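One structure below.
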Amino acid sequence: MWPQSRLYMNVSSTLEDQRKSIYERLAEGNALSTLFAREELGIMHPAARIMELRQRGHNIITNWQTETDVTGKSHRIAKYILLHKKEEP
């Protein structure tokens, strides 16, 4: 069993809640990386949630960069940025 020290242990994993978590972070002016979404928010497939937000009309761009994960391995990951804020996720 994995230790329960992660931030997301008590967070809902519904798709709507995942989209909301991503949108709220982006709407605050923060970029969101694939690794952050997985490791800190518990969202295992953030690209799908970003695609759904884009389909709802949100202007989110993708920048590619290299980041190191918690094991020390480097990965080419996406970093998402919201360009224009809409009223709802």
Side-chain angles (χ1 to χ4, degrees):
M1 177 111 185
W2 294 98
Q4 295 191 5
S5 61
R6 303 304 258 166
L7 287 173
Y8 58 83
M9 291 306 293
N10 294 319
V11 175
S12 171
S13 64
T14 67
L15 298 181
E16 190 61 37
D17 286 343
Q18 289 180 20
R19 283 188 294 269
K20 184 178 177 186
S21 293
I22 289 173
Y23 178 79
E24 287 173 353
R25 179 161 177 83
L26 294 173
E28 290 171 354
N30 299 307
L32 178 82
S33 74
T34 302
L35 290 179
F36 183 89
R38 289 179 181 161
E39 294 171 358
E40 301 298 328
L41 301 179
I43 300 171
M44 295 297 105
H45 192 25
R49 305 298 77 82
I50 293 293
M51 181 188 71
E52 293 159 0
L53 289 169
R54 286 176 174 149
Q55 289 171 343
R56 293 178 180 202
H58 298 286
N59 190 3
I60 301 170
I61 62 168
T62 303
N63 290 322
W64 293 98
Q65 64 186 49
T66 301
E67 275 191 20
T68 304
D69 68 15
V70 294
T71 68
K73 294 181 182 175
S74 292
H75 301 273
R76 181 175 179 258
I77 58 97
K79 184 166 264 191
Y80 303 104
I81 300 166
L82 178 66
L83 291 184
H84 301 288
K85 187 174 163 183
K86 282 182 61 173
E87 290 301 313
E88 77 242 6

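These numbers come from a predicted model, not from an experiment.
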Apply side-chain hydrogen bond (donor to acceptor under 3.5 Å, both in side chains) to [X] and list each qualifying residue two or more places apart in sequence or on a separate chain.
{"X": "T71", "result": "D69"}
{"X": "Q65", "result": "E67"}
{"X": "Q55", "result": "none"}
{"X": "T68", "result": "none"}

Keeping the roles fixed (side chain from R19, backbone from L53), state whether a donor-acceptor pair exists under 3.5 Å. no

R76 side chain to T66 main-chain N or O, any donor-acceptor pair under 3.5 Å? no

Pairs involving residues 26-35, ordered by first then second residue, that meet salt bridge (charged side-chain N to carboxylate O under 4.0 Å, His left out) (sequence neighbours left out): none

Quick one: [atom1] on [X] to [atom2] on [Y], what's the gap to the nearest 0.5 Å?
{"X": "L83", "Y": "I61", "atom1": "CG", "atom2": "CD1", "result": "4.5 Å"}
{"X": "L41", "Y": "E24", "atom1": "CG", "atom2": "CD", "result": "10.5 Å"}
{"X": "E39", "Y": "T34", "atom1": "CD", "atom2": "OG1", "result": "10.5 Å"}
{"X": "S21", "Y": "L26", "atom1": "OG", "atom2": "CG", "result": "11.0 Å"}
{"X": "H58", "Y": "Y80", "atom1": "NE2", "atom2": "OH", "result": "15.0 Å"}
{"X": "I43", "Y": "D17", "atom1": "CD1", "atom2": "CG", "result": "9.5 Å"}

What's in the same ILVMFWY side-chain cluster as L35, cut-off under 4.5 Å, chained through other members?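 Once heavy-atom contacts under 4.5 Å are chained together, L35 belongs with I77.
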
Using the rule given for side chain to side chain contact (heavy atoms under 4.5 Å, CB included), can you reason through T62 versus R54, listing the C-alpha separation, both sets of side-chain angles and the distance that settles it, and then say yes or no? CA-CA 11 Å; T62 303; R54 286 176 174 149; 2.7 Å; yes

Does R25 make a cation-pi contact with F36 (under 6.0 Å, within 45 degrees of the axis)?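 Ring-cation test returns yes.
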
